[in-house]
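Starting from 1, each residue takes its place in the sequence as its number.
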Amino acid sequence: MASKFGLAGGIPERRVRPIWDAVDSRQYKSALKLCTALLAKHPTSPYALALKALTLERMGKPDEALSVCLEAKELLYSNNIFHFDDLTLSTLQIVFQRLERLDLATSCYEYACTKYPNNLELMMGLFNCYVREYSYVKQQQTALRMYKTVGEERFLLWAVCSIQLQAYFSSGGEKLLAFAEALLKKHISSHSLHEPEALSLYVSILEQQAKYDAALEVLSGDLGSLMGREEDKLRLQGRLLTQACNYVAASEIYQKVLESCPDDWESFLHYLGCLLERDVKLPKPTTGEHTCSSCSVDSNKTSLSEEVVESRLASALLFVQKLQKNDSSDSVRGPHLANIEIERQHRLSGNSTKFMEALVNYFHRFGHLSCSSSDVEIYLHMLSGDEITELLDTISRSFDASSVSVKALGLTITTFKVQELLGTLLSKSTTDLQRIAKGMVETFYKNLPLSRDLDPQESMHGEELLSMASNILVQLFWRTRNLGYLLEAVLVLEFGLTVRKHVWQYKITLVHLYSYLGALPLAHRWYVSLEVKNILLESVSHHILPQMLSSPFLQQTASLVKDYLRFMDDHLKESADLTCLAYRHRTYSKSVLENVNHGEGLVDLSSEDNMKHLTFNEDLEARPWWTPTTSVNFLSEPIDESSTPACFRAEVCKHKSTEKDGPKMRDAERKCLVPQLVYLSMHGCVSSLRETEPNGSVSDITVGEMKTLLEKYARTIGYSMDDALSMILGISSGKKSMKDFAPDIVSWMSFAVFINAMNLWSNESVIPRTDPSSPSSWEIVDSLVKICIEEHLTDANRILTCPGNKIPLLVQMVTEPISWHLIIIQSCMRVVAPQGKKKKKSGPSLRPNMPQLQGIQRSVQCLIETLRSVQKWLSDQMSLEEQGLDILMSYLQGTGDEGPGQTFRVLEEKPAAHASELGDRIAQSLEAWSSTGVVRRIVGAEHEVLAEFKKMVDSKLKLLMSESACLSSVLH
């Protein structure tokens with residue numbers, strides 16, 4: 001603010017600067033004292049009031065700040081103010097924005113611009129207000145007004161950019177873009193353009209209208225010199241020529257790009273695509289949808305004859321070989337990858353004999369690099385089984401695996417990575433997998449001296465070996481169901497983090513392993529250590545949030561959700577400021593977010609149109625192989641021994657690509673309905689307990705809304721309303737199996753609870769009773785809750801030795817349907833026996849509905865009995881904690897060559913004799929390593945889960961006992 005100091009509203013700078021200094025140093029009490037003193041001398045100064053409001057807002061007093069701001073606003077609107085200065089308005093704008101009252105800031109600027117229509121500073125402030133409100137039309141109008149006032153190019157570009165946003169987010173885009181083009185043409189004819197961003201904006205306007213020739217003409221003319229780098233200009237020309245279907249000219253342009261930037265892989269794909277007149281498959285911008293496609297040139301779509309294709313491929317090969325000769329460094333991989341892509345095209349047409357040769361040559365040259373296997377993944381999947389064997393043998397023979405060197409280690413890792421990518425490890429025998437996992441850990445040990453001089457923040461040589469060894473051990477567990485392998489998988493990664501604590505890949509895998517083992521506190525601890533911030537809160541939280549939502553750790557879960565919501569709220573506020581900054585710095589890139597109302601807004605969010613546009617911005621590529629999405633975990637399913645690597649890979653891709661249309665989307669839609677269903681259930685049940693009011697006193701609108709929501713809820717489970725009711729009746733009466741509820745047991749239970757609530761106050765019975773002996777809706781819910789809980793308690797084994805246990809499901813049953821049912825009961829009880837209120841002396845008394853109260857009493861008793869059974873089961877599980885360590889360690893004590901324990905023994909062999917070779921840091925880290933300590937923490941974490949769940953059950957039982965006592969007093 002220093003540049004704006006001077007006379008603001010007639011106040012000297014020396015009186016104002018101390019206030020800003022105090023605010024900047026967070027000495028808010030001092031700032032408030034200074035503001036009070038300033039107002040004593042300038043009681044009618046809007047600027048002094050704005051400073052006081054700013055200070056009050058920073059002190060956490062929003063109501064007082066808003067009151068002072070409104071007082072300043074009134075003064076600005078009065079006739080006593082003869083001059084509006086931007087400093088006063090911008091200070092008020094800061095406060096209004098933080099108070100989420102952008103409308104008031106905008107109205108102040110609008111009034112000021114009305115009084116001083118040619119004041120550029122005020123108009124710029126008004127423009128920024130419209131930017132923060134995403135008012136594109138008003139942005140455009142204000143920008144054009146500024147352009148007409150001073151004739152500056154930047155204001156025209158602001159207007160054009162605003163028009164472009166209108167075209168994108170509203171109808172009538174063609175006319176708007178034509179208008180923007182006309183504005184630019186008129187300006188260019190009289191003033192030309194002077195900024196690179198101006199040229200880019202002009203070209204994008206033409207490109208959006210498919211005027212590719214006109215855009216190319218602009219780039220070829222004098223304006224083209226505005227592009228800072230020739231390569232950027234060439235890439236843009238190549239794109240435009242491709243869109244105009246001028247493939248020959250486009251390929252020549254891309255060839256020029258590659259001559260100066262030979263490692264530009266995207267440009268090479270475009271070059272080859274243009275030569276062959278085929279589409280290029282490039283990774284799509286992040287949209288929240290996941291596919292398994294890779295960068296390549298489409299092999300089918302072309303109108304060229306086979307002879308022409310072969311001729312052009314030969315030409316491309318000569319060009320690529322020329323690029324290889326011109327650059328012999330190991331840092332430029334593009335031309336060598338290009339050679340493989342060309343041979344791939346030959347192979348697809350049946351004319352290649354050099355595809356394998358190109359792959360082998362690539363590995364000989366770049367195989368020691370960690371990226372080499374992922375570089376050629378798409379090509380590896382084209383190999384036959386014999387070719388894979390030949391390739392691996394060739395790579396293995398190309399280096400001495402027993403030597404300790406960075407290059408040999410890199411080639412060893414690449415050999416393993418190729419096997420992992422191709423899925424060949426899936427077909428290995430159990431004995432071979434044990435040997436490979438043990439060999440990986442031994443290789444890591446042997447090469448530790450290579451990392452002795454590295455900084456702790458630097459990646460160690462061979463880090464990938466432990467990740468791959470852990471993956472193999474998990475696979476062994478999946479195949480044999482022997483818990484020892486899963487424990488070894490954990491120990492391998494914990495050992496790696498003991499050596500170096502900054503390996504995020506180890507931490508993420510441990511989050512999933514500990515979650516599956518039931519040691520959620522350890523999973524949460526490792527997730528917290530990742531220090532996830534900003535946009536990563538959206539793309540990474542899926543590793544832990546689903547598990548936490550079905551856990552008893554409500555406080556930690558709330559903290560995770562609050563962090564995410566805070567990020568979204570901050571981004572909503574700050575994104576507009578970033579847009580203002582983009583206009584100011586003339587970089588015209590923006591983002592748009594729409595606010596979502598609370599409460600009923602969630603129901604609106606679940607509409608069909610909104611759900612179509614809903615995306616999950618999650619980075620699924622970082623997830624372990626056994627849980628490719630949040631709704632899939634292969635370890636919970638039996639292994640299909642007959643499945644081939646290709647089939648397994650296809651299944652993983654299918655899960656990722658259908659995530660948007662799978663259970664997760666239906667779950668999101670269902671969760672949007674729950675808050676409103678709970679609210680309506682509480683609201684409607686109150687009247688059902690009053691005999692003085694007719695059953696149905698709740699408005700028809702409320703009844704209709706509840707029914708509509710329940711019909712929608714039933715559809716998210718995959719049933720119509722009538723079929724869902726039939727299913728509930730069948731399960732509660734024992735005529736149908738609980739398996740029919742899977743995998744949405746919790747959702748079914750919640751549905752039954754809401755049906756009961758609606759049945760209480762609907763004029764027509766939602767659940768028809770054929771005779772007086774038919775169960776009431778209360779009894780149906782009681783039976784359903786009891787059956788579901790008891791069946792899962794019977795199936796729930798010792799959680800310590802049974803990973804993937806039923807604890808999360810039991811927790812969900814208690815925290816969701818049972819909690820909704822308890823809330824409805826409490827709502828009813830507040831009417832029957834209101835606490836702390838005196839009876840009215842006059843007026844008719846409200847007599848409770850006795851049949852309903854008796855139903856509630858039976859339901860309360862049923863819940864008490866059910867939760868006591870859960871309480872007893874938890875107590876029994878917790879009593880075995882002392883033996884837990886011995887039980888788990890016994891899984892690791894194998895002494896033969898079969899079964900778990902081999903990798904564990906490698907980890908226990910501390911290389912103390914080689915401490916001098918490892919360096920002080922690594923040696924000291926290894927001294928702190930203890931396998932027993934890790935296992936002890938697992939036992940403690942599982943006990944913590946049980947203890948926290950028991951606290952939750954105890955709390956609900958206490959509440960139910962209180963309601964039971966209250967009901968007894970009312971009924972007797």
Side-chain angles (χ1 to χ4, degrees), residues 367-372 396 399-417 420 434-473 487-510 513 522 525-526 529-531 889 892-893 900-938:
H368 62 286
L369 300 178
S370 61
C371 61
S372 59
S396 299
F399 67 99
D400 180 8
S402 63
S403 64
V404 178
S405 68
V406 173
K407 188 165 186 178
L409 178 61
L411 285 164
T412 301
I413 292 171
T414 296
T415 306
F416 287 133
K417 277 187 175 180
E420 191 176 54
Q434 291 172 352
R435 177 181 52 77
I436 292 171
K438 179 183 177 183
M440 287 177 172
V441 177
E442 289 175 333
T443 303
F444 177 79
Y445 251 144
K446 182 178 67 176
N447 288 276
L448 268 179
L450 296 175
S451 304
R452 60 174 294 169
D453 297 324
L454 295 179
D455 187 272
Q457 297 288 340
E458 291 184 82
S459 297
M460 290 187 301
H461 298 295
E463 276 182 359
E464 302 98 322
L465 286 168
L466 296 187
S467 289
M468 290 188 286
S470 179
N471 285 338
I472 291 175
L473 291 165
L487 294 174
E488 283 188 304
V490 169
L491 290 172
V492 164
L493 298 176
E494 287 280 7
F495 173 80
L497 287 167
T498 301
V499 179
R500 178 174 173 267
K501 63 180 180 180
H502 301 293
V503 189
W504 64 267
Q505 294 92 335
Y506 295 173
K507 295 180 181 182
I508 284 181
T509 306
L510 280 173
L513 285 174
L522 293 178
R525 198 172 304 158
W526 279 123
S529 73
L530 289 168
E531 298 182 352
M889 290 301 294
L892 299 168
Q893 301 303 326
Q902 299 178 51
T903 306
F904 169 71
R905 288 194 294 274
V906 175
L907 295 176
E908 290 299 283
E909 296 170 1
K910 299 179 181 178
H914 306 283
S916 59
E917 298 177 12
L918 297 176
D920 293 340
R921 182 184 64 81
I922 296 178
Q924 289 172 6
S925 298
L926 291 176
E927 287 299 322
W929 166 248
S930 169
S931 299
T932 305
V934 173
V935 177
R936 184 178 286 109
R937 288 196 293 272
I938 293 174

Where [X] and [Y] come nearest, the two heavy atoms and their spacing:
X      : Y      : answer
Ser403 : Asp400 : OG-O, 2.8 Å
Ala469 : Val441 : CB-CG2, 4.0 Å
Arg500 : Glu458 : NE-O, 2.6 Å
Val492 : Leu466 : CG1-O, 3.5 Å
Trp929 : Leu491 : CH2-O, 3.4 Å
Ala923 : Leu918 : N-CB, 4.5 Å

Value rounded to 0.5 Å, distance of [atom1] in [X] from [atom2] in [Y]:
X      : Y      : atom1 : atom2 : answer
Leu465 : Tyr445 : CG    : OH    : 13.5 Å
Thr498 : Leu493 : OG1   : CG    : 10.5 Å
Thr903 : Glu488 : OG1   : CD    : 4.5 Å
Glu420 : Ile413 : CD    : CD1   : 11.5 Å
Ser402 : Lys446 : OG    : NZ    : 6.0 Å
Met440 : Ile472 : CE    : CD1   : 3.5 Å

N/O donor-acceptor pair under 3.5 Å between [X] side chain and [Y] backbone:
X      : Y      : value
Lys507 : Leu497 : no
Tyr506 : Glu463 : yes
Arg921 : Arg452 : no
Thr414 : Gly367 : yes
Ser405 : Ala408 : yes

Given Leu448, Asn447, Val406, the one that forms side-chain contact (heavy atoms from CB on, under 4.5 Å) with His461: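 Per the side-chain contact (heavy atoms from CB on, under 4.5 Å) rule, the option paired with His461 is Val406, out of Leu448, Asn447, Val406.
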
- request: Name all residues meeting the ring-ring contact (aromatic ring centres under 6.0 Å, His included) criterion together with Phe444; count only those two or more places apart in sequence or in a different chain, and write none if there are none.
  value: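 So Phe444 forms no ring-ring contact (aromatic ring centres under 6.0 Å, His included) with any residue.
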
Within the structure provided, determine whether [X] and [Y] are in side-chain contact (heavy-atom separation under 4.5 Å).
X      : Y      : answer
Ser529 : Lys501 : no
Phe416 : Ile436 : yes
Ser470 : Leu513 : yes
Trp526 : Ile508 : no

message: Please determine whether side chain to side chain contact (heavy atoms under 4.5 Å, CB included) holds for the pair Phe495 and Val906, giving the CA-CA distance in whole Å, both sets of side-chain angles, and the decisive distance to 0.1 Å.
response: CA-CA 11 Å; Phe495 173 80; Val906 175; over 6 Å; no

Phe904/Leu487 under side chain to side chain contact (heavy atoms under 4.5 Å, CB included): CA gap, chis, key distance, verdict: CA-CA 9 Å; Phe904 169 71; Leu487 294 174; over 6 Å; no

- request: Please lay out, stage by stage, how Ser930 and Arg936 fare under the test side chain to side chain contact (heavy atoms under 4.5 Å, CB included).
  value: CA-CA 10 Å; Ser930 169; Arg936 184 178 286 109; 5.8 Å; no

